[in-house]
Undergrad: 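Below: one structure in structure tokens.
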Amino acid sequence: MFRRIKWLFLLFVLFLVGGLLAALWFLPGTFSAKATPPAWEVKIARFIRHMATPSHFLKMGNPIPVSHEILAEARHHFADHCATCHANDGSGKTHMGPNFYPPVPDLRDPVIQSMQDGELFYVIHFGIRLTGMPAWGKGPPEQDQESWKLVHFIRHLPNITPEEIAEMKKDNPLTRVEREQQEMLDQFLSGRDAEPATSHHH
Ligand code: HEC
């Protein structure tokens, strides 16, 4: 009996050491965000995430009635807080968007648009752990109206107009270079700059 336990213990230690060696073998590069996740990984991750969303959120409808004003408000909000990663049109084609692991998805894609309202709300309020998607909700979810308004805006993204995108550009956060250019332009326009208007050739 004792001998058997001894052998089992030895076997266990061997497995442990083998497992550790295998993990070390696979580890280099494992945490790089440069790779693109394979389709099966995306499918499994989305499935697990769906299962991990509390069911009462999945069943919730958007409590805020959609209107022109609500959409305009959410559009401002999205341009200011989300477009750095997601782009004004929701395509995810930004400087950072494709470099996350997983990359920022196209929010107009049927995969995202087929998610329930409550699931989109859950993602915006609570974020997605181990990805670049932050949690935006402040306070308890019952009081978070902003995220519900953003859900309306995400539904609207497939039909967004070029005029709306132009409007959003005014709300996008500026980079340092853009801010400096803006300041120079403002200075020039206010006439405080020495640059003579005659130097303009058309
Ligand atoms: C710092 C970058 C970043 C910002 C800012 C950001 N997101 Fe995301 N978002 C991500 C990434 C990365 C993903 C992909 C996560 C994944 O696929 O698991 C994502 C995914 C999503 C999704 C899709 C979830 C899904 O199931 O695939 C929605 C909806 C979303 N974001 C909404 C928003 C909204 C609304 C805002 C602004 C309030 C915002 N995001 C701001 C990085 C960002």
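Please read all numbers here as calculations on a predicted model, not as lab measurements. In listed order, ligands and their atoms are each counted from 1.
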Undergrad: Could you please spell out the steps behind the salt bridge (Lys or Arg N to Asp or Glu O under 4.0 Å) verdict for Glu164 and Arg75?
TA: CA-CA 8 Å; Glu164 284 176 286; Arg75 191 175 65 223; 3.2 Å; yes
Undergrad: Can you sort out which atoms of ligand 1 are near Leu120, meaning under 4.0 Å from one of its heavy atoms?
TA: 29 (C)
Undergrad: State the OH-CD distance between Tyr101 and Glu41, to the nearest 0.5 angstrom.
TA: 3.0 Å
Undergrad: Indicate yes or no for a side-chain donor-acceptor contact from Ser91 to the backbone of Ala87 under 3.5 Å, with no hydrogens or angles considered.
TA: no
Undergrad: Examine Phe78 and Trp148 and state if one hydrophobic cluster contains both, with Ile, Leu, Val, Met, Phe, Trp and Tyr joined whenever side-chain heavy atoms are less than 4.5 Å apart.
TA: yes
Undergrad: One residue to check: Val111. Relative to ligand 1, which of side chain, backbone, both or neither has a non-hydrogen atom less than 4.0 Å away?
TA: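 Within the 4.0 Å criterion, Val111 makes no contact with ligand 1.
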Undergrad: Tell me whether Trp136 shares a hydrophobic cluster with Met60, the cluster being built from Ile, Leu, Val, Met, Phe, Trp, Tyr side chains joined at under 4.5 Å.
TA: yes
Undergrad: Taking only heavy atoms of Ile124 into account, list the atoms of ligand 1 that are under 4.0 Å away from them.
TA: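 It comes down to these atoms of ligand 1: 35 (C).
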Undergrad: Looking only at N/O atoms, are Trp136 and ligand 1 under 3.5 Å apart anywhere?
TA: no
Undergrad: Report the part of Glu119 in contact with ligand 1, treating N, CA, C, O as backbone and CB onward as side chain, heavy atoms under 4.0 Å; options are side chain, backbone, both, neither.
TA: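 Neither; no heavy atom under 4.0 Å.
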Undergrad: Would you mind telling me if ligand 1 is within reach of the side chain of Thr84, the backbone, both or neither, using heavy atoms under 4.0 Å?
TA: neither
Undergrad: Is there a donor-acceptor pair closer than 3.5 Å between any side-chain N or O of Asp171 and the backbone N or O of Asp80?
TA: no
Undergrad: Just which atoms of ligand 1 are under 4.0 Å from any heavy atom in Val104?
TA: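 Ligand 1 atoms under the 4.0 Å threshold to Val104: 10 (C), 11 (C), 12 (C), 42 (C).
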Undergrad: Students often mix this up, so state it plainly: with edges at 30° and 60°, are the rings of Tyr122 and Phe126 parallel, tilted or perpendicular?
TA: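 The arrangement is tilted - the two ring planes meet at 30° to 60°.
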Undergrad: Determine whether the side chain, the backbone, both or neither of Arg46 has a heavy atom under 4.0 Å from any heavy atom of ligand 1.
TA: side chain
Undergrad: Nearest 0.5 angstrom please: Met133 CE to His86 NE2, how far?
TA: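 The distance works out to 5.0 Å.
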Undergrad: How does Arg49 reach ligand 1, by side chain, by backbone, by both or by neither, if only non-hydrogen atoms under 4.0 Å count?
TA: side chain
Undergrad: Which of the numbered atoms in ligand 1 are below 4.0 angstrom from a heavy atom of Met115?
TA: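 Listed by number with element: 26 (O).
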Undergrad: Report, as yes or no, whether the 6.0 Å neighbourhood of atom CG on Leu11 holds more than 12 heavy atoms from other residues, nucleotides or ligands.
TA: yes
Undergrad: Quick check for you: to the nearest 0.5 Å, what is the distance between Thr161 atom OG1 and Asp89 atom CG?
TA: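 One finds 11.5 Å between OG1 of Thr161 and CG of Asp89.
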Undergrad: Among all protein heavy atoms, pick out the one at the shortest distance from atom 33 (C) of ligand 1; state its residue, atom name and that distance to 0.1 Å.
TA: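 Residue, atom and distance for the closest contact: Met133 CE, 3.3 Å.
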Undergrad: Give the atoms of ligand 1, by number and element, whose distance to some non-hydrogen atom of Ile154 is under 4.0 Å.
TA: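 Every atom of ligand 1 under 4.0 Å from some heavy atom of Ile154: 29 (C).
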Undergrad: If the cut-off is 4.0 Å to any non-hydrogen atom of Phe100, which atoms of ligand 1 fall inside it?
TA: 1 (C), 2 (C), 12 (C)
Undergrad: Can you tell me which residue and heavy atom of the protein come closest to atom 24 (C) of ligand 1, and the distance to 0.1 Å?
TA: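 Of every protein heavy atom, Val123 CG1, 3.7 Å lies nearest to atom 24 (C) of ligand 1.
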Undergrad: Start with the C-alpha distance between Arg155 and Asp117, add both sets of side-chain angles, then the distance that settles salt bridge (Lys or Arg N to Asp or Glu O under 4.0 Å), and finish with yes or no.
TA: CA-CA 9 Å; Arg155 294 289 183 222; Asp117 279 358; 2.8 Å; yes
Undergrad: Run down the list Gly132, Ala79, Pro105 and name the one with the heavy atom closest to atom 13 (C) of ligand 1.
TA: Pro105
Undergrad: Report, in ascending order of atom number, the atoms of ligand 1 lying under 4.0 Å from any heavy atom of Leu107.
TA: 22 (C), 23 (C), 28 (C), 29 (C)
Undergrad: What I want to know is whether Thr131 and ligand 1 share at least one N or O pair that is separated by under 3.5 angstrom.
TA: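 Between Thr131 and ligand 1 (N or O atoms, distance only) the closest approach is not under 3.5 Å.
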Undergrad: So, Glu178 side chain and Thr175 main chain: donor-acceptor pair closer than 3.5 Å or not?
TA: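 Between the backbone of Thr175 and the side chain of Glu178 there is a qualifying donor-acceptor contact (under 3.5 Å).
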Undergrad: Answer with side chain, backbone, both or neither: which part of Cys82 has a heavy atom less than 4.0 angstrom from an atom of ligand 1?
TA: both
Undergrad: At less than 2.8 Å, would any N/O/S atom of His86, backbone or side chain, sit next to atom 8 (Fe) of ligand 1?
TA: yes
Undergrad: Going by heavy-atom distance to atom 4 (C) of ligand 1, choose the closest among Cys85, Pro37, Pro102.
TA: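 Residue with the shortest heavy-atom distance to the ligand atom: Cys85.
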